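Worth saying up front: this structure is predicted, and the values here are computed from it rather than measured. Only heavy atoms go into these numbers, but all of them, side chains included; no hydrogens, no water, no symmetry mates.
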Amino acid sequence: GGGRRRRGTGGARRRVAGEPGRWCAFVPRGGRGPNAMRRSARLVAGSFHHSDFAWQDWAAEARRELDALDRRGDAGAAADAAGEARGGGGGGVGEASGVAQGGPDGVAPRKFGPAPMPAAEAIAAASAAASAARGMEACWDSIHGQNSTAGRYPNKAYIPLAFPELARGDVRVVVEMGCATGGSLRPVLAANPALAEYWATDLSSAALEALRASGTLPEGRRVELLRWDATEPPPAELPAGRADAVLITFVLSAVAPGHHAACLRHAARLLRPGGLVLVRDHGLYDHTMLRFHRRGRRIADALYARGDGTTAFYLSPEGLLGAVEEAAAGLRAVDGPCYHCNLTTNRKTGHSIHRVFLHAKLRLEADGAGAAATGAGDT
């Protein structure tokens with residue numbers, strides 16, 4: 001014990017006290033790596049806050065920045081077109097005026113891309129691309145394959161506080177849609193010792209293998225890992241009509257908007273009457289949305305292309321309610337949808353980051369359970 005820790009790409013090592021030059025492996029409980037080291041001892045957060053700033057005020061400020069970026073991009077595109085008409089090859093002033101300035105988050109200056117596609121056309125194109133599940137699965141397998149430790153996604157210690165229903169003793173069966181490497185699974189299990197079944201599902205087989213190999217799954221608890229593309233109907237192994245809750249964290253933002261209703265419909269099929277769908281995801285005007293916009297990655301309104309081949313969609317309460325209505329699965333909003341707004345400040349630089357999350361609880365009504373179970377209109 002004692003001594004300093006040194007972190008590197010291979011995990012963490014601790015200097016052997018009293019023996020200069022000697023290091024021993026330090027494996028914290030909960031996995032390897034700096035993220036796991038910081039979070040492993042804190043499976044359930046001590047407090048939960050979600051109203052650090054007013055979303056309406058921040059949205060107005062964010063829209064002004066986005067409009068300024070769009071005007072700058074349009075001016076650059078016009079100058080490029082004029083340069084090409086003169087035979088100048090589109091360089092010079094046009095390129096300079098179309099450059100996004102690097103922000104405090106370290107985004108390198110880049111030239112804006114072409115104007116985004118019309119929203120309907122872009123969303124349809126993204127939905128068609130996401131329908132090729134094998135291609136999307138390959139993207140996520142590559143992501144998790146390159147970051148194969150459970151520390152890639154630290155524990156979401158706030159989940160049992162955001163959704164205290166998960167810690168209730170009468171909640172016995174939980175299905176998680178998009179578990180990644182277990183960031184929500186571990187805190188939920190720690191918060192609810194009475195939980196009898198936890199079904200952790202993900203599109204990526206690599207993520208499930210990383211979770212299985214992490215050594216963080218508790219012994220003596222029934223935790224089932226299952227590959228499932230949530231845009232497709234649930235596989236027969238899942239507990240149809242028995243789940244007390246279906247947890248969906250940061251999944252809908254990674255799915256093309258045209259598939260949101262299908263994901264909710266499939267979640268409803270797993271619930272018992274009165275069961276809950278619990279949603280937490282990236283909300284409109286989140287810090288990361290502005291960062292993607294500065295990099296010229298917009299495909300359509302609130303839809304952006306990530307550098308790893310996946311997409312990011314930023315949700316609104318109105319959009320989620322529209323998906324609930326389209327799903328026609330007997331779900332009713334009982335908490336939200338609403339924005340949770342968190343302000344994160346870098347103590348060294350003083351720079352603040354505005355994080356916006358969408359929060360919702362949807363209950364399966366007793367009279368809607370039949371429609372959900374039969375999968376009417378399923379896709």
Side-chain angles (χ1 to χ4, degrees), residues 127 130-141 144 165-166 170-182 184-185 188-189 192 194-213 217-218 220-252 254-256 258-279 323-324 326-331 362-379:
S127 297
S131 295
R134 184 61 208 162
M136 190 59 69
E137 181 183 3
C139 287
W140 285 110
D141 279 346
H144 291 293
E165 296 83 358
L166 292 171
D170 60 343
V171 172
R172 306 280 293 170
V173 180
V174 171
V175 177
E176 183 178 0
M177 183 184 290
C179 66
T181 52
S184 297
L185 179 155
V188 171
L189 289 176
N192 188 349
L195 198 60
E197 300 176 36
Y198 194 107
W199 294 80
T201 73
D202 201 275
L203 170 66
S204 170
S205 299
L208 297 175
E209 286 303 317
L211 177 55
R212 188 174 286 110
L217 296 179
R221 308 286 295 275
R222 184 179 179 186
V223 178
E224 302 286 349
L225 306 184
L226 185 66
R227 187 202 165 277
W228 176 31
D229 174 3
T231 65
E232 300 294 333
E237 296 91 332
L238 288 176
R242 292 198 299 113
D244 297 295
V246 176
L247 180 61
I248 308 177
T249 58
F250 305 101
V251 171
L252 298 180
V255 175
H259 289 298
H260 289 177
C263 290
L264 295 175
R265 190 181 306 119
H266 300 155
R269 289 178 60 179
L270 301 174
L271 291 174
R272 61 166 176 79
L276 292 171
V277 173
L278 307 174
V279 179
V324 170
E326 183 184 346
L331 294 172
L362 312 172
R363 175 174 290 127
L364 180 65
E365 298 298 303
D367 56 357
T374 57
D378 210 351
T379 56

Handout entry: Under 3.5 Å: donor-acceptor pair, side chain of Asp229, backbone of Leu203
Key = no

Practice task
State whether the side chain of Thr201 and the backbone N or O of Glu176 hold a donor-acceptor pair below 3.5 Å, judged by distance alone.
Solution key: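 Answer holds: yes.
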
For [X] and [Y], which heavy atoms make the closest approach, and how far apart are they?
X	Y	value
Ala268	Leu364	O-CD2, 3.7 Å
His266	Pro233	CE1-N, 3.6 Å
Tyr198	Leu185	OH-CA, 3.5 Å
Leu225	Leu208	CD1-O, 3.8 Å
Ala207	Asp202	CB-OD1, 4.1 Å
Ala243	Val175	CB-CG2, 4.0 Å

Please list, chain by chain and in numerical order, all residues satisfying side-chain hydrogen bond (donor to acceptor under 3.5 Å, both in side chains) with [X], sequence neighbours excluded.
X	answer
Glu326	none
Arg222	Glu224
Arg221	none

Exercise for the section: List the steps and the verdict of side-chain contact (heavy atoms from CB on, under 4.5 Å) for Val277 and Val324. Expected result: CA-CA 11 Å; Val277 173; Val324 170; over 6 Å; no

Practice task
Not counting sequence neighbours, list each pair that qualifies as a salt bridge (charged side-chain N to carboxylate O under 4.0 Å, His left out) and has a residue in residues 235-245.
Solution key: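 Every pair satisfying salt bridge (charged side-chain N to carboxylate O under 4.0 Å, His left out) with a residue in residues 235-245: Glu197-Arg242, Asp244-Arg272.
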
Exercise for the section: Could you list the residues that satisfy side chain to side chain contact (heavy atoms under 4.5 Å, CB included) with Ala323, not counting sequence neighbours? Expected result: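 Once residues adjacent in sequence are excluded, the partners of Ala323 under the side chain to side chain contact (heavy atoms under 4.5 Å, CB included) criterion are His260, Leu264.
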
Exercise for the section: Among Leu189, Val188, Leu195, find the one that has a side chain to side chain contact (heavy atoms under 4.5 Å, CB included) with Leu166. Expected result: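 That would be Val188; it is the only one of Leu189, Val188, Leu195 passing the side chain to side chain contact (heavy atoms under 4.5 Å, CB included) with Leu166.
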
Exercise for the section: Pick out which of Val174, Val246, Ile248, Leu247 makes a side chain to side chain contact (heavy atoms under 4.5 Å, CB included) with Leu278. Expected result: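 It is Leu247, the one option of Val174, Val246, Ile248, Leu247 that forms the side chain to side chain contact (heavy atoms under 4.5 Å, CB included) with Leu278.
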
Exercise for the section: Working to the nearest 0.5 Å, report the span between NE2 of His259 and CZ of Arg265. Expected result: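 His259 NE2 to Arg265 CZ: 11.5 Å, rounded to 0.5 Å.
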
Exercise for the section: With sequence neighbours left out, write down each residue that passes salt bridge (charged side-chain N to carboxylate O under 4.0 Å, His left out) with Arg172, or none if nothing qualifies. Expected result: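 Here no residue qualifies.
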
